[in-house]
Amino acid sequence: MQRFEELRRRLVRSLVEEGYIRSEKVMKAMLRVPRELFVPDDLRYLAYEDTPLPIGHGQTISAPHMVALMCEYADLDTGMKVLEVGTGSGYHAAVIAEMVAPSDAPREEWGHVYSIERIPELAKRAQENLRRAGYADRVTVIVGDGTKGYPEKAPYDRIIVTAAAPDIPQPLIDQLRPGGKMVIPVGDRYSQVLYIVEKKENGEIKVKPTIPVLFVPLVGEYGWHLHEY
Ligand code: SAM
């Protein structure tokens with residue numbers, strides 16, 4: 001356990017040095033969430049390598065630097081309501097939860113994370129991981145097609161999509177609160193760009209491309225259809 005803590009501290013230090021972690025908030029959250037509880041047992045020894053790892057069903061837990069950067073771009077704060085599309089292992093959802101509902105903040109100030117996953121087996125395991133890590137009361141995992149968003153709890157202050165879309169799904173734009181932000185990778189299998197999408201108070205949409213990235217496909221009604229990818 002102590003060994004993992006030391007490895008986590010070292011990883012966070014190098015993410016700060018490399019410029020992926022830029023704020024105190026992201027640093028604190030990444031220092032608190034035990035990534036070793038979100039990777040498959042036989043890969044735990046790799047939990048603090050800065051690399052994506054397989055989690056089954058052809059999917060991955062994203063690399064720590066990507067989680068850090070997406071959280072920085074999303075500019076998360078205590079009390080926010082966030083939709084994550086692509087729960088995967090649940091790790092990124094836990095980091096988001098640690099920022100919108102920090103463990104050391106009063107519960108009345110807590111925000112909430114709704115995280116949607118299309119593969120039921122992954123959603124179930126993510127839920128278990130989140131419970132073991134102490135985030136079950138701050139993250140709700142839903143099984144479904146996240147390209148349609150989760151209208152039941154809309155609008156969201158932030159939307160974070162962790163799979164690559166051919167285009168920005170309209171339902172996600174619709175479910176963003178005016179003044180809200182979405183971070184989403186857009187592109188095809190070999191070439192994607194991470195976008196920051198801002199919805200202004202007057203409803204105007206501004207899209208800012210950032211860096212090239214590589215994610216698994218966002219599969220669904222407003223994403224890729226499996227036969228085309
Ligand atoms: N955030 C995850 C983590 O921390 O482990 C990593 C996510 S993985 C890179 C992308 C996930 O998106 C996969 O688990 C995949 O099944 C899921 N996914 C793809 N299309 C989806 C959709 N339309 N709705 C919900 N989840 C989807």
Side-chain angles (χ1 to χ4, degrees), residues 26 29-30 33-40 43-44 46-71 73-74 76 82-99 113-130 132-133 135 138-152 156 158-172 175 182-189 192 194 213-229:
V26 174
M30 296 218 28
V33 180
R35 191 169 186 257
E36 71 272 16
L37 297 185
F38 293 86
V39 303
L43 296 178
R44 275 197 176 179
L46 295 173
Y48 292 102
E49 295 296 312
D50 188 14
T51 180
L53 293 169
I55 54 170
H57 302 269
Q59 306 303 322
T60 52
I61 171 173
S62 304
H65 75 269
M66 193 46 62
V67 173
L69 201 60
M70 289 177 88
C71 287
Y73 286 155
L76 299 159
V82 181
L83 175 67
E84 183 197 32
V85 178
T87 316
S89 67
Y91 173 69
H92 199 161
V95 175
I96 298 168
E98 193 54 68
M99 296 181 68
V113 183
Y114 295 90
S115 184
I116 185 159
E117 170 58 54
R118 64 178 275 271
I119 301 175
E121 293 84 352
L122 288 183
K124 187 162 177 274
R125 202 178 315 141
Q127 222 156 7
E128 282 162 21
N129 295 342
L130 286 159
R132 273 187 306 161
Y135 291 95
R138 289 171 263 180
V139 181
T140 303
V141 178
I142 302 120
V143 177
D145 175 5
T147 68
K148 296 194 268 190
Y150 186 55
E152 286 83 343
Y156 300 96
R158 299 289 185 264
I159 298 180
I160 296 183
V161 183
T162 68
D167 230 321
I168 305 165
Q170 187 60 42
L172 298 186
Q175 289 172 36
M182 166 164 40
V183 180
I184 178 169
V186 176
D188 60 26
R189 182 192 283 245
Q192 306 157 6
L194 193 59
V213 288
L214 202 57
F215 279 84
V216 296
L218 183 73
V219 175
E221 189 173 333
Y222 296 87
W224 292 101
H225 302 141
L226 272 180
H227 64 274
E228 9 169 89
Y229 198 74

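FYI, the numbering just counts along the sequence from 1. When a ligand or atom number is given, it counts from 1 through the structure's own listing order. Computed from a predicted structure; not experimentally measured.
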Visitor: Using a strict threshold of under 4.0 Å (side-chain N to carboxylate O), is an ion pair present between Lys148 and Glu221?
Guide: yes
Visitor: Donor-acceptor pairs under 3.5 Å, side chain of residues 61-71 to any protein atom, not counting sequence neighbours: which ones?
Guide:
unit_1: His65; atom_1: ND1; unit_2: Asp50; atom_2: OD1; d: 3.1
unit_1: His65; atom_1: ND1; unit_2: Asp50; atom_2: OD2; d: 3.1

Visitor: Can you name the residues that form a ring-ring contact (aromatic ring centres under 6.0 Å, His included) with Tyr135, not counting sequence neighbours?
Guide: none
Visitor: Has the side chain of Glu84 got a donor or acceptor atom that lies under 3.5 Å from a matching backbone atom of Ser115?
Guide: no
Visitor: Pairs in or reaching into residues 158-170: which pass side-chain hydrogen bond (donor to acceptor under 3.5 Å, both in side chains), with residues at least two apart or in two chains?
Guide: Gln170-Asp174
Visitor: Taking Val85's backbone N and O only, do any of them form a donor-acceptor pair with Tyr114's side chain (distance below 3.5 Å, no angle check)?
Guide: no
Visitor: One line per pair, note the atom names and distance for all nitrogen or oxygen contacts under 3.5 Å between ligand 1 and the protein.
Guide:
unit_1: ligand 1; atom_1: 1 (N); unit_2: Glu84; atom_2: OE2; d: 3.1
unit_1: ligand 1; atom_1: 1 (N); unit_2: Gly86; atom_2: O; d: 3.0
unit_1: ligand 1; atom_1: 1 (N); unit_2: Thr162; atom_2: OG1; d: 3.4
unit_1: ligand 1; atom_1: 4 (O); unit_2: His92; atom_2: N; d: 3.0
unit_1: ligand 1; atom_1: 5 (O); unit_2: Ser89; atom_2: N; d: 2.9
unit_1: ligand 1; atom_1: 5 (O); unit_2: Ser89; atom_2: OG; d: 2.6
unit_1: ligand 1; atom_1: 14 (O); unit_2: Glu117; atom_2: OE1; d: 2.7
unit_1: ligand 1; atom_1: 14 (O); unit_2: Glu117; atom_2: OE2; d: 3.4
unit_1: ligand 1; atom_1: 16 (O); unit_2: Glu117; atom_2: OE2; d: 2.6
unit_1: ligand 1; atom_1: 20 (N); unit_2: Val219; atom_2: N; d: 3.0
unit_1: ligand 1; atom_1: 23 (N); unit_2: Asp145; atom_2: OD1; d: 3.0
unit_1: ligand 1; atom_1: 23 (N); unit_2: Val219; atom_2: O; d: 2.7
unit_1: ligand 1; atom_1: 24 (N); unit_2: Gly146; atom_2: N; d: 2.8
unit_1: ligand 1; atom_1: 26 (N); unit_2: Arg118; atom_2: N; d: 3.2

